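A quick write-up on the structure given underneath.
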Amino acid sequence: MKAIFITQHGDSTVLRLRETETPIPSGQEVMVRVTAIGINYADILVREGVYPIGPLPAIAGAEVTGIIESVGNDVHDLKPGQKVSGVAQHGYAAYALLQVSQVFPVPDEIPSEQALIFQALTACHLLEQTNGYQSLLITAAAGGIGSMVVQLAKSRGIPLIIGMTGNNKKMEYIRSMGATHAISFQDDQWASVLQEITARKGVDLVLDAVGGPIGASLIHQLAPGGKMVVFGSSSGVPTTINAQDLIWKSNSVTGATIYAASMKQKQQWAKEIFQKIMQGSIRQKTSSFPLSAAAEAQDLLKSRSVTGRIVLMP
Ligand SMILES: NC(=O)c1ccc[n+]([C@@H]2O[C@H](COP(=O)([O-])OP(=O)(O)OC[C@H]3O[C@@H](n4cnc5c(N)ncnc54)[C@H](OP(=O)(O)O)[C@@H]3O)[C@@H](O)[C@H]2O)c1
């Protein structure tokens with residue numbers, strides 16, 4: 001089969017298309033014929049050596065939709081021919097193995113690229129980091145996870161949804177996803193604009209994937225009792241906070257990872273997500289590339305010029 005290998009850590013030139021053995025499932029694994037591969041920002045961090053991966057060369061990660069071809073001996077509830085989505089350790093390939101514990105059955109009517117579920121599950125997890133909030137701010141709101149957070153927040157009736165971006169050209173797209181407001185860090189006055197939007201109350205829930213100085217400045221934009229959830233650092237710079245700043249308005253800052261959510265909870269979210277996709281209340285805007293263009297596709301994501309998500313079609 002064809003697969004994209006990370007040959008060593010580095011820029012996208014280390015990604016190579018190669019022929020390799022088709023994997024055979026064992027135990028609690030299913031083997032799928034991959035029909036869509038979702039590119040995540042984390043794939044770039046793995047390639048660069050920021051996030052861990054085993055010995056190289058190795059087939060790159062991660063998120064896939066596919067049709068089950070065969071199953072391991074300990075798999076009883078899933079059958080060949082079923083359409084599924086999930087996260088594969090080596091997903092940039094024509095065929096991939098998925099652990100049963102990471103498999104989500106997909107309704108047949110949902111196209112493969114729409115069924116990629118990882119970012120939407122992450123969005124659900126983030127939206128449940130606190131209760132009763134009336135205002136929400138998400139950074140990188142035009143990105144894969146950001147677009148999903150905005151749409152799911154709208155579908156759940158959150159009154160004030162503020163999408164942030166570092167690129168003025170993405171503001172219209174953010175509003176089109178359902179954000180009540182879009183703000184760009186390119187505007188020097190963004191903090192005053194935000195204050196106006198919230199009538200000087202601040203924001204109840206801030207979700208930050210960018211980090212660095214932007215993440216640090218957002219702590220000062222929280223409402224009394226407000227919470228900031230750090231779930232990534234796409235800028236490459238961690239957020240540094242002064243814990244004393246949290247005292248005056250009883251604010252809190254936490255981290256969140258989708259990997260901490262239970263499988264039962266993720267299966268429930270997956271049902272909600274697929275139902276909303278079929279009803280048309282949420283959608284993933286996708287740009288598709290062939291598997292052989294994995295390097296160009298990752299470069300495009302890194303360039304910050306895309307809205308929505310990038311998908312490889314094997
Ligand atoms: N905690 C979890 O469970 C979890 C799970 C999956 C992913 N993540 C994290 O979530 C974040 C979003 O992932 P994604 O796949 O949906 O990616 P994405 O948001 O589609 O792409 C990254 C975006 O980050 C923004 N950005 C700001 N500063 C940047 C910089 N210096 N360099 C590059 N990008 C910058 C850009 O948006 P603008 O152009 O709008 O500024 C860019 O489009 C990543 O940090 C990822 O590692 C966390």
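Just follow the structure's listing: the first ligand is 1, and inside any ligand the first atom is 1. For this chain, numbers begin at 1 and follow the sequence in order. These numbers come from a predicted model, not from an experiment.
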Heteroatom proximity flag, Leu45 to ligand 1, N/O under 3.5 Å: no
Within 6.0 Å of NZ in Lys154, more than 12 heavy atoms from elsewhere: no
Selection from Phe231, Tyr259, Tyr41 by shortest heavy-atom distance to atom 9 (C) of ligand 1: Phe231
Option of least heavy-atom distance to atom 11 (C) of ligand 1 (set: Ala209, Gly212, Ala256, Ala142): Ala209
Under 3.5 Å side-chain donor-acceptor pair for Asp43 and Tyr92: yes
Nitrogen or oxygen atoms of Arg304 and ligand 1 under 3.5 Å apart: yes
Option set Val149, Leu301, Ile145, criterion heavy-atom distance to atom 16 (O) of ligand 1, minimum: Ile145
Which segment of Val210 sits under 4.0 Å of ligand 1 when only heavy atoms are counted: side chain
Phe118 near ligand 1 by a heavy-atom separation under 4.0 Å: yes
Any donor-acceptor N or O pair under 3.5 Å, side chains Gln119, Tyr41: no
Distance-only N or O hit between ligand 1 and Ile258, under 3.5 Å: yes
From Ser234, Ser235, Gly308 - option closest to atom 44 (C) of ligand 1 by heavy atom: Ser234
Min heavy-atom dist Ala141 to ligand 1 below 4.0 Å: no
Side-chain H-bond candidate by donor/acceptor type, Thr165 with Tyr173, under 3.5 Å: no
Asn167 N/O to ligand 1 N/O under 3.5 Å: no
